[in-house]
Amino acid sequence: TESLTVGELAKKLHREPSEIIKKLFMLGVMATINQELDKDSIELIAGEYGVDVEEEVLVDVTDLEAYFTEDEETNLEERPSVVTIMGHVDHGKTTLLDSIRHTKVTAGEAGGITQHIGAYQVEDKGKKITFLDTPGHAAFTTMRARGAKITDITILVVAADDGVMPQTIEAINHAKAAEVPIIVAVNKMDKEAANPDRVMQELTEHGLVPEAWGGDTIFVPISAIKGDGIDELLEMILLVGEVEEYKANPNRNAVGTVIEAQLDKGRGSVATLLVQNGTLKVGDPIVVGNTFGRVRAMVNDLGRRVKTAGPSTPVEITGLNDVPQAGDRFAVLEDEKSARQVGEARAQLALQAQRSEKSRVSLDNLFEHM
Ligand code: GTP
Ligand code: MG
């Protein structure tokens, strides 16, 4: 569209036409609701709301992906690597993270099975690394796919006494699809039955050839339980981070992804977010998935209250009107009004999609029974 009427533009920006007319008036343009606006005026008004007008199409402000814009090179700064730990059930992913964090997360898990993505940050040699734990249980495929999508590096944990298993292969495929580097941690080396050569052999068959065999995959033998090999593993992560040079712009409105979210009796909607670009601050107006709000309080992975969260930081927030879904995108908007408008528009669109899906299904059912 090379031109839009004032009314159409207002709709695209999720604003009242009267507001657009007022804005135009302030800019010295007298307009009515049905008046055609040229490209320059559209750009000018959209710019007032922080919306970019691409070549021909007006960016849809309800599309949260549209807020993941590229930054000027000069605004980019180094950020911590985001590392996702993946692998077959019980191969020792959570134990590895415990060992890295010198804590005891597994002790608190129901049946020692991870049923969500845990997110933590550690510091090694003055550099921060963000870790995401994922479940290895077969039922949690979407969680693993999501984990692979928001990560920079995948740590593939393979138990040396068990070898390559179905979810090991699944994890490789997620990482390959997401085009992220894989570091293999051959775990449980302390066990009598540990057979690292077999693990290397089996992984070679899946395209992960160890450096020792002329390939380019880093293999680190570890014992998560004893803490052996952990320093080497962290070193390899920092090395990959140095080569890849992960960067972000801390001086912009935050955008990122929901790691997990739930309803808490006392605190209401609680969401763990991974800030992928920008800095999230207490008080920020925010759209998260199909809901919105204002960041009321933020807690880091150590349970401490924080006021800001920069790029690659996982943080738990309260202040949303509703519970978003894991994997949802979030974006901080200019003001609370915009956040409300975009959030409500998204909720509306989601409802419509759900309704049409339902009616489509029932129509299909109808034909099935004819
Ligand atoms: P899911 O989250 O359910 O996929 O499992 P996980 O991969 O997180 O495994 P977890 O860390 O819960 O460990 C599973 C079992 O393996 C536990 O009993 C651990 O104590 C044990 N284990 C983990 N690492 C090691 C290790 O290096 N050596 C030995 N001997 N046992 C280990
Ligand atoms: Mg686990």
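Keep in mind that what you see is a predicted model, and the values were worked out from it rather than measured. First listed ligand is number 1; within each ligand, the first listed atom is number 1.
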Please work out which of V157, D190, I225, N187 has its closest non-hydrogen atom nearest to atom 30 (N) of ligand 1.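 Looking at heavy atoms only, the winner is D190.
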Ignoring hydrogens, just give me the one of K188, H91, M86 whose non-hydrogen atom is nearest atom 15 (C) of ligand 1.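 Result: the heavy atom closest to atom 15 (C) of ligand 1 is in K188.
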Which ligand 1 atoms does [X] reach within 4.0 Å, using its non-hydrogen atoms?
{"X": "T95", "value": "10 (P), 11 (O), 13 (O), 19 (C), 23 (C), 24 (N)"}
{"X": "K93", "value": "1 (P), 4 (O), 5 (O), 6 (P), 7 (O), 8 (O), 9 (O), 11 (O)"}
{"X": "K191", "value": "30 (N)"}

Charged N-O contact under 4.0 Å between [X] and [Y]:
{"X": "K39", "Y": "E43", "result": "yes"}
{"X": "R267", "Y": "E316", "result": "yes"}
{"X": "E202", "Y": "R198", "result": "yes"}
{"X": "K93", "Y": "D133", "result": "no"}
{"X": "D152", "Y": "R79", "result": "yes"}

Taking the side chain as every heavy atom from C-beta outward, state whether I183 and L156 have any atom pair closer than 4.5 Å.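 In short, these two side chains do not touch, never coming nearer than 4.5 Å.
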Quick one: does [X] get an N or O within less than 3.5 Å of an N or O on ligand 1?
{"X": "A224", "value": "yes"}
{"X": "T94", "value": "yes"}
{"X": "G92", "value": "yes"}
{"X": "T134", "value": "no"}

Is there a side-chain contact (heavy atoms from CB on, under 4.5 Å) between Q276 and I150 once you walk through the steps? CA-CA 8 Å; Q276 292 176 278; I150 55 177; 3.9 Å; yes
Is the Mg ion (ligand 2) less than 2.8 Å from at least one N/O/S atom of T94?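 Yes, T94 qualifies, because one of its backbone or side-chain N, O or S atoms lies under 2.8 Å.
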